[in-house]
Amino acid sequence: MSAAGLDIRLLGDLQVIRDGRSLALPASRKTRALLGFLVATGCPHSRERLCDLLWDGPDDPRAGLRWSLTKLRPLVETTPGTRLTADRRQVAFDRTGVRVDTVEVARLVGEDPATASTEGLAAAAGMLRGDFLEGLDLAECYRFREWCAAEREALARRRIAVLGTLVARLEAESPEAALAHARALAAAEPTCESAHAAIVRILGRLGRGREALGQYAHCRTVLSRELGAMPSVELERARLDVTRRRP
């Protein structure tokens, strides 16, 4: 929990949690998108840019922005003007003392997952639980949609890197934990052969040969359907290892 008792989760459905209690969010999807954008970026933005991002239309954009800010202040502040700051030119969200899941993931993983601790990677994997600002696509706001898509792609790549690193580190010593991460990786990236091969290997070593061969068959079907490809040497080697272990 953060020092201020405020957690904001941008991965999956947007959530604002104060002192362990999830708060009701404004009904307006644009208002929620505004909060997500301000929290994720963590820097000041001009009112003009925010209007172009979310209210580029025939209605009064500045009035829409002002209305949204009035709905957000009671949600994130106990003292007006201390966290959501706005003047005639700019609007910003001060993240000091607030626990934001995307910021925490970046801190735990760093630039390269290979240099992060296993405990940190496992904690990050637990937070990488869904799409960034899930459900807030806002098809009519193309600038926001493009920004959101780029954030989602970057976080999806980070999740795949985190899970792959965890599987490689844990496969030998903690196969059950590695299996969970390998399954998550295969679900996130169905054509990732290394994830399927890891599942096959781990299941075989755990004495679950039938499941292992079922996973191999599933991966073979996916590769054929999605890529028109045959299993790689790694996947075939994993299958052979399972068949040698079976009585």
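Nothing fancy with the numbering, it's 1 onward along the sequence.
- Cluster membership for L69 and L23, using ILVMFWY side-chain heavy atoms within less than 4.5 angstrom, is shared.
- A continuous path of ILVMFWY side-chain contacts below 4.5 Å connects F132 to L34, so both sit in one hydrophobic cluster.
- Electrostatic pairing of R32 and D13 does not count as a salt bridge here, judged by no charged N lying under 4.0 Å from a carboxylate O.
- Considering V16, D19, V100, L75 as possible partners of L6, the one that fulfils the side chain to side chain contact (heavy atoms under 4.5 Å, CB included) test is V16.
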Contacts under 3.5 angstrom, residues 172-195 side chains, donor-acceptor by atom type, not counting sequence neighbours:
{"unit_1": "E193", "atom_1": "OE1", "unit_2": "S232", "atom_2": "N", "d": "2.7"}
{"unit_1": "E193", "atom_1": "OE1", "unit_2": "S232", "atom_2": "OG", "d": "3.0"}

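- Residue L206 is grouped with residue I199 when hydrophobic side chains (ILVMFWY) are merged at heavy-atom distances under 4.5 angstrom, including chains of intermediate members.
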Evaluate L203 against V242 for side-chain contact (heavy atoms from CB on, under 4.5 Å), listing each step before the verdict. CA-CA 8 Å; L203 287 172; V242 171; over 6 Å; no

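- Both Y216 and L227 belong to a single network of hydrophobic side chains, linked directly or stepwise wherever heavy atoms of I, L, V, M, F, W or Y lie under 4.5 Å apart.
- Hydrophobic clustering places V103 together with V109 (ILVMFWY residues linked when any side-chain heavy atoms are closer than 4.5 Å, directly or through intermediates).
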For the pair F93 and T41, evaluate side-chain contact (heavy atoms from CB on, under 4.5 Å) and give the outcome as yes or no after the intermediate values. CA-CA 9 Å; F93 181 85; T41 55; over 6 Å; no

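- The backbone N or O of A27 lies less than 3.5 Å from no partner atom in the side chain of T31, so there is not a single donor-acceptor pair.
- Ring-centre distance between F144 and W55: not below the 6.0 Å cut-off.
- A salt bridge links E234 to R201: one of the charged nitrogens lies within less than 4.0 Å of a carboxylate oxygen.
- With a 4.5 Å cut-off on side-chain heavy atoms, L235 and R239 do not count as touching.
- P26 places a side-chain heavy atom less than 4.5 Å from the side chain of L72.
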Would L108 and L121 satisfy side-chain contact (heavy atoms from CB on, under 4.5 Å), going step by step from the backbone distance to the final call? CA-CA 7 Å; L108 291 168; L121 291 175; over 6 Å; no

Does the side-chain contact (heavy atoms from CB on, under 4.5 Å) test come out yes or no for K30 and E140, once each step is laid out? CA-CA 11 Å; K30 286 188 177 182; E140 73 279 12; 3.6 Å; yes

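- Between the side chain of R88 and the main chain of R47, no donor-acceptor pair closer than 3.5 Å is present.
- Of the residues listed (V39, L11, L14), the one engaging L133 in a side chain to side chain contact (heavy atoms under 4.5 Å, CB included) is L14, and it is the only one.
- Remark: Q90 pairs with no residue by the side chain to side chain donor-acceptor pair (under 3.5 Å) rule, at least two apart or across chains.
- Ring geometry for F37 against W147 counts as perpendicular: the plane angle is over 60°, on a 0 to 90° scale with 30° as the lower cut.
- Salt bridge R245/D241: present, at least one basic N to carboxylate O contact under 4.0 Å.
- Within the 4.5 Å cutoff, the side chain of L38 has heavy atoms near those of the V91 side chain.
- Inter-residue side-chain proximity for L223 and M230 is flagged as unmet; no heavy-atom pair is nearer than 4.5 Å.
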